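Right, one structure below, let's go through it.
As a basis for the values below, the full set of heavy atoms in this structure was taken, side chains included, without hydrogen atoms, waters or symmetry mates. This one's a predicted model, so the numbers in the text were calculated from it and none came from an experiment.
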Amino acid sequence: MFRLLDPLKPLYSNGCARLHLGDSGVTYPAVSMEMEAFSRPLWALVPLWLGGGKGYEEIYANGIKNGTDPLHSEYWGGFNDYDQRFVEMAAIASGLIFTPEKLWEPLEEREKDNLAKWLYGINEHIIPDCNWQFFMILVNIALQKLGYPYSKEKLLSGLDKIESYYIGDGWYRDGGSSQKDYYISFAMHYYGLLYSVAMEEEDPKRCSEFRERAKIFARDFIYWFDENGAALPFGRSLSYRFGEAAFWSAYLFAGLDDISAGVVKGILSRHLNWWLDQKIFDRDGVLTIGYAYPNLIMAERYNAPGSPYWGMKTLLCLGLPDSHPFWSAKAEPLPSLNSIKLLKQADMLMQRIGSDVIAYPAGVCENTVMVTYRRNIPSLLTPPVLASQSPGVRLYSMRMHRIHPLHL
């Protein structure tokens, strides 16, 4: 984790509330870009602190204090509908839920009031009807647990919307979209499993449902990973790279064990090691936008310089207690998997040929920015066509063969 985050240390602003990592364009303002870059490392730091580790506490306590102070020069500001800052609230909310001693208790009363008021702003604006509902849910849980005003109405309406996205067999759709890609694991299941831990006492029935759905989903999602650690490059936001394995950390964090800790440890360790072998950092060790090398063609319009740090969600396993079998288990290979696997709710047929993985999607991602996702076969077989690469570097990416939709 420190290999990933230590290069950022000299780049925090004087008040620690901003993190400027680059100047590539995006659809939201600079303050949101720099607040995003500040927030996303929390997805690894909160588990680190929860697990008893140390580091960055002063930076983040100061940054949150100053970023939510209207009188401070680094104030993150107020909001508009569909504001990117609502997305980044989720990491802060997670910290307040699981490690309040690091991010809440060091604050003075006025500073706590500022933070709570700033977070409450998500309840006063429109957010998209999609996985963003979980950001509002997490914020309201945090405010509720801290004894500050929250919106029970927004909390329940958000949960009702999440429930309406469930389509069966462990799969969700992301709001009104028909996209069924890795983001279902990265968002819908990940936050649902966080909820299942945070709200076990208050909402045991829903927590149990989130866990049961994740168990079912895991039996499909394991087919997206190959024996070397690479994962199927299919879906939105591929610049989050190793975030594709975040589900497996959440799986363990929520206490699930249908797939053994050793197998999950193997998936996580191979996946992270595969990514560390790719050219994903700049010369200063900062993550870049791209896939297995810096490549802005791989970016969506919402990928800012700090966006790739959402991959830190995969390090949720750092929050597991010392007694968890994950720490003592040997990293095990994948179990025996079928050579052909129908993922019915994903509209996808999976094929494994030796160590290779191929997916045949049938009409998913119909509104995606990158149209290749809806008319090509994603696989872990061949080099990309997006740019040239150095000889000897094998990049698992899109296999660019046009196909006709499959009717499953």
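Under the salt bridge (charged side-chain N to carboxylate O under 4.0 Å, His left out) criterion, E200 pairs with R211, not counting sequence neighbours. For Y12, the ring pair (Phe, Tyr, Trp, His ring centres under 6.0 Å) partners are Y60, not counting sequence neighbours. When the side chain to side chain contact (heavy atoms under 4.5 Å, CB included) test is applied to E58, the partners found at least two apart in sequence or on another chain are N62. Applying the ring pair (Phe, Tyr, Trp, His ring centres under 6.0 Å) test to F134 and every residue at least two apart in sequence or in another chain returns Y191. Remark: E209 pairs with K205 by the salt bridge (charged side-chain N to carboxylate O under 4.0 Å, His left out) rule, at least two apart or across chains. By the ring pair (Phe, Tyr, Trp, His ring centres under 6.0 Å) test, Y166 is found to be paired with Y172, residues two or more places apart in sequence or in another chain being considered. Among residues two or more places apart in sequence or in another chain, the side chain to side chain contact (heavy atoms under 4.5 Å, CB included) test is passed with S328 by none.
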_Before you tell me yes or no, could you show the steps for R110 and D69 under salt bridge (Lys or Arg N to Asp or Glu O under 4.0 Å), namely the whole-Å CA-CA distance, both residues' side-chain angles and the distance that decides it to 0.1 Å?_
CA-CA 9 Å; R110 183 184 68 84; D69 182 355; 3.7 Å; yes
*Under the salt bridge (Lys or Arg N to Asp or Glu O under 4.0 Å) criterion, do D220 and K344 qualify, and how do the steps go?*
CA-CA 10 Å; D220 282 353; K344 181 178 179 181; over 6 Å; no
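For the residue pair Q351 and Y360, a side-chain donor N or O sits within less than 3.5 Å of a side-chain acceptor on the partner. With 3.5 Å as the limit, one finds a donor-acceptor pair spanning the side chains of Y195 and D203.
Ring geometry, F221 versus W224: the interplanar angle falls from 30° to 60°, so the pair is classed tilted. The aromatic rings of F135 and W132 sit tilted relative to each other, their planes meeting at an angle between 30° and 60°.
At distances below 3.5 Å, not a single donor-acceptor pair connects side-chain atoms of N131 with backbone N or O atoms of D174. Judged purely by atom type and a 3.5 angstrom limit, R85 uses its side chain to pair as donor or acceptor with the backbone of G78. Put simply, the side chain of D277 never gets that close to the backbone of W274: no donor and acceptor are under 3.5 Å apart. Y56 places a side-chain N or O within donor-acceptor distance of the main-chain N or O of L5, the cut-off being under 3.5 Å. Judged by distance alone, with hydrogens and angles left aside, the side-chain atoms of Y165 form a donor-acceptor pair with the main-chain N or O of C130 at under 3.5 Å. Distance alone, capped at 3.5 Å, places no donor-acceptor pair between the Q133 side chain and the K161 backbone. In this structure, the side chain of N295 engages the main chain of I297 through a donor-acceptor pair within 3.5 Å.
Y309 pairs in a side-chain contact (heavy atoms from CB on, under 4.5 Å) with only one of the listed residues (V286, L42, L19), which is V286.
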For residues 90-107, which side-chain donor-acceptor pairs fall under 3.5 Å, sequence neighbours excluded?
from: T99; atom 1: OG1; to: G95; atom 2: O; distance (Å): 3.0

Only pairs under 3.5 Å count here: list side-chain donor-acceptor contacts from residues 111-126, not counting sequence neighbours, and write none if there are none.
from: E111; atom 1: OE1; to: E108; atom 2: N; distance (Å): 2.8
from: D113; atom 1: OD1; to: Y148; atom 2: OH; distance (Å): 2.8
from: W118; atom 1: NE1; to: G77; atom 2: O; distance (Å): 3.0
from: N123; atom 1: OD1; to: N140; atom 2: ND2; distance (Å): 2.8
from: N123; atom 1: ND2; to: N140; atom 2: OD1; distance (Å): 3.0
from: H125; atom 1: ND1; to: D81; atom 2: OD1; distance (Å): 3.2

Please tabulate, one pair per line, all N/O donor-acceptor pairs under 3.5 Å involving side-chain atoms of residues 238-264, not counting sequence neighbours.
from: S239; atom 1: OG; to: G290; atom 2: N; distance (Å): 3.0
from: S239; atom 1: OG; to: G290; atom 2: O; distance (Å): 3.0
from: R241; atom 1: NE; to: Y291; atom 2: O; distance (Å): 2.5
from: R241; atom 1: NH1; to: T288; atom 2: O; distance (Å): 2.4
from: R241; atom 1: NH2; to: T288; atom 2: O; distance (Å): 3.2
from: R241; atom 1: NH2; to: T288; atom 2: OG1; distance (Å): 3.3
from: R241; atom 1: NH2; to: Y291; atom 2: O; distance (Å): 3.1
from: S249; atom 1: OG; to: T314; atom 2: O; distance (Å): 2.5
from: S249; atom 1: OG; to: C317; atom 2: N; distance (Å): 3.3
from: Y251; atom 1: OH; to: D258; atom 2: N; distance (Å): 3.2
from: Y251; atom 1: OH; to: I259; atom 2: N; distance (Å): 2.9
from: S260; atom 1: OG; to: V263; atom 2: N; distance (Å): 3.2

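Applying the ring-ring contact (aromatic ring centres under 6.0 Å, His included) test to pairs two or more places apart or on separate chains, none has a residue in residues 315-350. Applying the salt bridge (charged side-chain N to carboxylate O under 4.0 Å, His left out) rule to pairs touching residues 32-54 yields R18-E34, E36-R40, R40-E88, sequence neighbours excluded.
Within 6.0 Å of atom CG in N14, 12 or fewer heavy atoms from other residues, nucleotides or ligands are found, so the atom counts as exposed in its surroundings.
In this structure the side chain of Q278 never reaches within 4.5 angstrom of the side chain of Y293, judged on heavy atoms.
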